[in-house]
Engineer: 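Below is a structure I'd like to ask you about.
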Number of protein chains: 2
Amino acid sequence: MSNKRKLSHTALRYRLQGFVRLYGDDIQSFEAMLGEPREFSADEVLVPAGQQQSHALVVASGWCTRSQMDADGRRQIINFLLPGEMAGVFLGVYPAAEYQVAALTDVTVWRISGAELAKLFGQAPRLALALTWMAARDERLLEQQIVRLGLRDSIERLADLLAELYHRQIAGGIAAKQAAELPITQSDLADTLGLSRVHTNRVCQALTETGAVSPGRGMIQIADIKRLERVAAFSDAYLNGNGA
Amino acid sequence: MSNKRKLSHTALRYRLQGFVRLYGDDIQSFEAMLGEPREFSADEVLVPAGQQQSHALVVASGWCTRSQMDADGRRQIINFLLPGEMAGVFLGVYPAAEYQVAALTDVTVWRISGAELAKLFGQAPRLALALTWMAARDERLLEQQIVRLGLRDSIERLADLLAELYHRQIAGGIAAKQAAELPITQSDLADTLGLSRVHTNRVCQALTETGAVSPGRGMIQIADIKRLERVAAFSDAYLNGNGA
DNA sequence: CGGAAACTTGAAGCCATTCAACGGGGGTGG
DNA sequence: CCACCCCCGTTGAATGGCTTCAAGTTTCCG
C-alpha cells in the first residue's frame, strides 16, 4: 500500500519533469501539499456535475473520466485522467462545471485546495511553470479531441484516441509493456468517440484485423503502436514537450 | 479610426469586467501593454500552424478562427475569436501549435509578449484573475464543442453553436441588435460542425423554417434567440461568470 | 460584363444508428 | 462450490442521416 503510493508519486514526478527541470524542494513542497490520498471504486463519481469546487484533483493511480450527460442520459466523455494528471486547475475562478469526474477503474487521488495552489504559484515558479504547462497540454488534448470528432472517420478516431492514450501512459513513466494495456471498455470508447456501441464494436474488430491492437475484456491491448499510428495518421507533436 | 479603436477597447473592458471588478490602474496598465493594433484582411493567416509563438493575441475588432488542417486539405475550426477575446495565453510554455489563427473578417488585433504577460501576473492580481477566468472560460468552450460534435445531431449542433456565438457577442458588450448578426458563412459553419457544406445548407434552411434565424449572404441573423435555444436545448450556464 | 465565391437543389450511395437477440466471462450470494 | 445474473462483447438486419457528385442560381466585386 505504501509501496503503491510511492509508485503513484513516481507518475506525477515523471510527468512534471517531462518539460521543466525541477529540484528537490519544488517536488517536496508540492508533494507535501498533496496530503493523504483518497480511494474510490470504479464508477464512483468523484466530482458531481454542477457543483462548485474548491479543490483540484491529481490522480495517483487508476483512470478517471471527465464527462457530460445529455438530457436523454447519453454520455460524452470529454477527456480521461491518467495517473499523474490533474483536473480543475481553474477551480475557484469559474462557477460550477456541468461535467462530472468519475472513476473509470479503482482510483487513488489527491486533492489540492485552490488557496494552496495559488500560494504555490507565488512561491515555486518552476513548479508553477510545470503546472501551467500541464494546463496548456490539457487544452491541446481537448483541441485534438475536437479534430478527431469533426474531421476523422470512425477507424481513424479510434486509432488516434488509442495512440494518444498510449503516449500519455508513457509520459507518466510507465513501462512500455504495461502502457500498452488500456483499461477501457468499448462502451467508454463509444462515448468518447461519438459512436454507437454497436458500431464501435465493429470498428474495434476492423482495427484488430490490422494487427494494431488485440482485444480483451474490459481493456484493449496495443499490439503494434507504429501500425496504430499509421492507421490514425497520428502525430504526437501535440503531446511532446520542448524537453527543456 | 481612432474612434474605432476606442470602441474596441470597450469590448475588451466589458469582457474583463464581466467577472472581476477591475479598477482604473488595472485597466490602464493592461491597455498600455497592448500598444498599437495591427490590421489584417479577411482570410489572412495571423498565426501559421507549427510556429512557436512569443506573443498572445487580443482581438480588437472583427472575428478570427483557430483551425487545424487535415492532410487532405479539410479544415476543422476549433474555436472562434470575437472582439475582446484572447488566444495564446499559454504561449511560451508550450511548443508550436498545429493549429493556425486566421482572420474570418477584416480584423484588428493587439499583441502581448509572453514576458509582459508574466510580469502582469506578478503585478496586477485582479487582472491576472480576470485573465485566468478567460482561460478557464475558453477551456469550457472547447469542452462544449466536444459535446456538440459527439452528442448532438446536425440541427442541434447548428442551433447550439449560433446561440453560443450570440451570447459571446453580448458578453463583449455589443448591443443585442448588432449581436444578432453573425459574420459567418455556411462553409465556416460546416467546418466547425463537422458537416459537409451541402448538408449544412439544408440544416440552415431547416433552422430558418423554425423562425429562429434568417439567412443572409456571408452572415446569419438571429431572429429569435429564445426559439434558437429551444431548438438547441441550449444552456448558457457555461458562459456566465459568477458575476462577482 | 465577366468571374469568383456563396448558396441551392437533386439524386445516389454509404457509413453509422437503431432494434433485437444471443454468447460468454466474472463476480456474488445462496 | 455451484448457480445465477449482470455487464461486456458480438452479430444480423433494417433504417436513416449525412456525404458525395454534379450541376445550377444568385450576389457581389472588379
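Side-chain atoms are counted along with the backbone in the values below, which use heavy atoms only and exclude waters and symmetry mates. We name chains A, B, ... by the order of the sequence lines, and we start the count at 1 in each one. What you are looking at is a predicted structure, and each value in this text was computed from that prediction instead of being measured.
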Engineer: From C/dA6, D/dG9, C/dA16, pick the nucleotide closest to the side chain of A/Asp153?
Structural biologist: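 Ranking C/dA6, D/dG9, C/dA16 by closest atom to the A/Asp153 side chain puts C/dA16 first.
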Engineer: Report yes if at least one side-chain N or O of A/Gln186 is closer than 4.0 Å to OP1 or OP2 of D/dC7; otherwise report no.
Structural biologist: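 For D/dC7, OP1/OP2 do not have a side-chain N/O of A/Gln186 under 4.0 Å.
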Engineer: Check every atom of C/dA11, C/dC7, D/dT11 against the side chain of B/Arg202 and return the nucleotide holding the closest atom.
Structural biologist: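 Looking only at side-chain atoms, B/Arg202 lies closest to C/dA11.
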Engineer: D/dT20, D/dG12, C/dT8: which one has an atom nearest the side-chain heavy atoms of B/Gln205?
Structural biologist: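 Nearest to the side chain of B/Gln205 among the choices is C/dT8.
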Engineer: May I have the distance from A/Met219 (atom CE) to C/dG26 (atom P), rounded to whole angstrom?
Structural biologist: 11 Å
Engineer: Check the pair B/Arg137, B/Glu85 against salt bridge (Lys or Arg N to Asp or Glu O under 4.0 Å), reporting the backbone distance first and the verdict last.
Structural biologist: CA-CA 10 Å; B/Arg137 175 173 168 281; B/Glu85 296 187 335; 3.4 Å; yes
Engineer: Name the closest nucleotide to the B/Arg217 side chain, picking from C/dT9, D/dT26, C/dA16.
Structural biologist: D/dT26
Engineer: Where the side chain of B/Arg15 meets the backbone of B/Arg168, is there a donor-acceptor pair that is under 3.5 Å apart?
Structural biologist: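 Yes, because the side chain of B/Arg15 sits within donor-acceptor range (under 3.5 Å) of the backbone of B/Arg168.
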Engineer: Does a distance-only test, which skips hydrogens and angles, find a donor-acceptor pair under 3.5 Å between the side chain of B/Arg197 and the base of C/dA6?
Structural biologist: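 There is none.
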Engineer: Taking only the side-chain heavy atoms of A/His199 (C-beta and beyond), determine which of C/dT17, D/dT11, C/dC7 contains the nearest atom.
Structural biologist: C/dT17
Engineer: Just how far, in rounded Å, is C1' of C/dA5 from CD1 of B/Ile184?
Structural biologist: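 Value for this atom pair: 16 Å.
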Engineer: Just by modelled atom types, is the A/Asp72 backbone N or O under 3.5 Å from a matching donor or acceptor in the A/Asp70 side chain?
Structural biologist: yes
Engineer: Round to a whole Å and report the spacing from CG of A/Asp72 to P of C/dT18.
Structural biologist: 10 Å
Engineer: So among B/Thr200, B/Asp191, B/Asn201, which one has a side-chain hydrogen bond (donor to acceptor under 3.5 Å, both in side chains) with B/Gln186?
Structural biologist: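 Checked B/Thr200, B/Asp191, B/Asn201 against B/Gln186; only one passes side-chain hydrogen bond (donor to acceptor under 3.5 Å, both in side chains): B/Asn201.
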Engineer: Quick one: which of D/dC8, D/dA22, D/dC18 gets closest to the side chain of A/Thr185?
Structural biologist: D/dC8
Engineer: Report the distance from atom CD of B/Glu209 to atom P of C/dT8, rounded to the nearest whole Å.
Structural biologist: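 Value for this atom pair: 12 Å.
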Engineer: Hey, what do you get for CZ (B/Arg148) to CD (B/Gln145), rounding to the nearest 0.5 Å?
Structural biologist: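 If I round to the nearest 0.5 Å, the distance is 4.5 Å.
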Engineer: Give a yes/no answer on whether the side chain of B/Asn201 brings an N or O atom under 4.0 Å of OP1 or OP2 in C/dC7.
Structural biologist: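 Checking B/Asn201 against C/dC7: no side-chain N or O falls below 4.0 Å of OP1 or OP2.
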Engineer: Starting at CG of A/Leu193 and ending at P of C/dA16, how long is that distance when rounded to a whole Å?
Structural biologist: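 Taking CG of A/Leu193 and P of C/dA16, I get 11 Å after rounding.
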Engineer: Can you tell me the distance, in whole Å, between the CD atom of B/Gln221 and the C1' atom of C/dC7?
Structural biologist: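 After rounding, the gap between these two atoms is 17 Å.
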Engineer: Measuring from the side chain of B/Ser196 (C-beta onward, heavy atoms only), which nucleotide among D/dT19, D/dC18, D/dT11 has the closest atom?
Structural biologist: D/dT19
Engineer: How many whole angstroms separate atom CD of A/Glu156 from atom C1' of C/dA16?
Structural biologist: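 The answer, rounded to whole Å, is 15 Å.
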Engineer: Choose from C/dT18, C/dA5, D/dC21 the nucleotide whose nearest atom is closest to any side-chain atom of A/Arg74.
Structural biologist: C/dT18
Engineer: Take atom CZ of B/Arg152 and atom P of D/dG17, then tell me their distance rounded to the nearest Å.
Structural biologist: 18 Å
